[in-house]
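Following: one structure in structure tokens, then a few remarks.
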Amino acid sequence: MSRLDDNKAVVGRWFTEFWGETCNLSVVDDIAAPDMLLKYSLHAPRRGHADIKAFMTGFRSAFPDLKFWGTAELIAEGDYVVGQWEGGGTHTGPAFDDFLAGRLPAATGRKMHFTGTTVLRVKDGRIAEEIGLDDGVTALTQLGLIRPAA
């Protein structure tokens, strides 16, 4: 396999095991760089294994059915892999205060479903950065944290 294929395999595993239907937090130790940066517009940036695991633990606790899946083939160039995705979940868990736009009280029952594109940088077979552009306006509107224009 080429380096690009290897990088796509690492990212494919990350998308499946970290962001998929169930979360295997050991994948963070397996394929994330120790100082990995995880950055999306909905949340404050996270850095490092412990911070990234804490983020996902809280996110999945608040949204127990949270899952994301790819909507196109991964594209690789150099150290970068780009993926398109969609996903979401239902807020049936505890209060959640990790959205930059506001806090959700416990178990609102609100559903979010949105899309995005993510660029990941792979260095020496480990994910060094995951920076995503998500449709946060859609998710935050569905969750009632922002209001649609009148």
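Side-chain contact check for Trp85 and Thr115: no donor-acceptor pair (N or O, by modelled atom type) lies under 3.5 Å. Between the side chains of Ser41 and Asp134, a donor-acceptor pair is found at a separation under 3.5 Å.
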Inset, instruction - Apply the test side-chain contact (heavy atoms from CB on, under 4.5 Å) to residues Met56 and Leu25: give CA-CA distance (whole Å), side-chain angles for both, the deciding distance (0.1 Å), then the verdict. - result: CA-CA 8 Å; Met56 185 54 81; Leu25 287 178; 4.2 Å; yes

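Considering every non-hydrogen atom in both Lys123 and Ala128, the closest pair reads CB-CB, 4.5 Å. Of all non-hydrogen atoms in Glu21 and Lys67, the two that sit nearest each other are CA-CB, 3.6 Å.
The distance between the ring centers of Phe96 and Phe99 falls below 6.0 angstrom. Annotation: Phe18 is in aromatic contact with Trp14 [ring centroid separation under 6.0 Å].
No salt bridge links Lys111 with Asp65; every basic N to acidic carboxylate O contact stays at or beyond 4.0 Å. Using a cut-off of 4.0 Å between Lys/Arg side-chain N and Asp/Glu carboxylate O, Lys53 and Asp29 are scored as salt-bridged. With respect to Asp30 and Arg13, a salt bridge is recorded, a charged nitrogen being found less than 4.0 Å from a carboxylate O.
Leu37 and Val28 are members of different hydrophobic clusters when ILVMFWY side chains are connected at heavy-atom separations under 4.5 Å. Put simply, Val27 and Phe55 are part of the same group of oily side chains (I, L, V, M, F, W, Y) that touch within less than 4.5 Å, one to the next. Note: the hydrophobic cluster containing Leu4 does not contain Ile31 (ILVMFWY, side chain heavy atoms under 4.5 Å, direct or indirect links).
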Side chains of residues 140-150: which donor-acceptor partners sit under 3.5 Å, not counting sequence neighbours?
from: Thr141; atom 1: OG1; to: Val137; atom 2: O; distance (Å): 2.7
from: Gln142; atom 1: OE1; to: His113; atom 2: N; distance (Å): 2.6
from: Gln142; atom 1: NE2; to: His113; atom 2: O; distance (Å): 3.2

